[in-house]
Amino acid sequence: MHFIKTIIPSNPGFTKEKPQNEPFLEIAEFFYDTIQGEGIHLGHPAAFLRVQHCTQDCWWCDTKAVWRAGNPYSFAELFDLIDATQMVAKLKAGQHLVLTGGSPVKQQQGLTLFLQAFVKRYGFKPFIEIENECTIMPTPEFTQLIDVWNNSPKLWHSGNPEKLRYQPRIIKYLSGLPNAWFKFVMVKEKDWEEIETAYLKPELIKRNQIILMPLGASREELHENREKVVEMAISQGVRYCSREQIELWNRKTGV
Ligand code: SF4
């Protein structure tokens, strides 16, 4: 897509050593001038910083090949790369910075330091969204930096063991934040039963925080699932969202 600008490409074809004695982030890809494809800000112009590594291993994950690759970058290297682009001006003009993965909270110490250094260097804090699988408790310092929590706890069909994917204490904490949404990937009708039993009945989250999203790593799969998920959302009185990056670019990464 000619309008999307790459800062760090996915699978760059090289590996580099961890920087010694300076802070760094392990990054899978970094790009801007695209749109947020999911969640409450679907359609908003956005930059994506995708980190390496995840706490989960969802069988249907469509970015696994990307977040399993990547390299460690020192903050100095990242600022050099950023300075060679127009991204800061775009963020200043309102583009959102979306932290995604893999698991951004897994690197929350590094991200906190990096975002604090960013604010110091450029004199403003961008509007920051995060994609979160909800299995690590965020620190107060990190929480403070995030403007929108796109939480996506994983249900049975992800294939992850329950004790790995379902963390009630962390979900309850996240739900108490004023800027938190819970986006569930849906496959079958019985997925709603799990949301009722494991999330709504124990009052871990509120109904008006729920967004249902169809499973779909390809346009065909998305189209196959979306109608029943729209119906589920209507009958339960909760939001629906698509996966606009799949609608627009199908299986392409880096968008
Ligand atoms: S939590 Fe997200 S990034 Fe991690 S494996 Fe599952 S879908 Fe992929």
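Both counts, for ligands and for their atoms, begin at 1 and track the order of listing.
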Q: Kindly confirm or rule out a cation-pi arrangement of Lys206 over Phe182, judged by NZ or CZ under 6.0 Å from the six-membered ring centre and within 45° of its axis?
A: no
Show me which atoms of ligand 1 lie under 4.0 Å from any heavy atom of [X].
{"X": "Gly102", "value": "3 (S)"}
{"X": "Trp67", "value": "3 (S), 5 (S), 8 (Fe)"}
{"X": "Trp60", "value": "7 (S)"}

Q: Go through the structure and list residues passing side-chain hydrogen bond (donor to acceptor under 3.5 Å, both in side chains) with Asn160, not counting sequence neighbours.
A: Gln56, Ser158
Q. Have Gln52 and Gln107 got a donor and an acceptor in their side chains that come within less than 3.5 Å?
A. no
Q) Under 3.5 Å, is there a donor-acceptor pair between the His41 and Gln36 side chains? A) no
Q. Excluding sequence neighbours, so at least two apart, what forms side-chain contact (heavy atoms from CB on, under 4.5 Å) with Glu220?
A. Ser218, Asn250
Q: Just the protein N/O/S atoms under 2.8 Å from atom 6 (Fe) of ligand 1, please, no waters.
A: Cys58 SG
Q. Under the 3.5 angstrom rule, does the side chain of Ser175 hit a backbone N or O of Ile171 as a donor-acceptor pair?
A. no
Q | Selection residues 101-127 - residue pairs positive for salt bridge (Lys or Arg N to Asp or Glu O under 4.0 Å), sequence neighbours left out | A | Asp83-Arg121, Lys125-Asp147
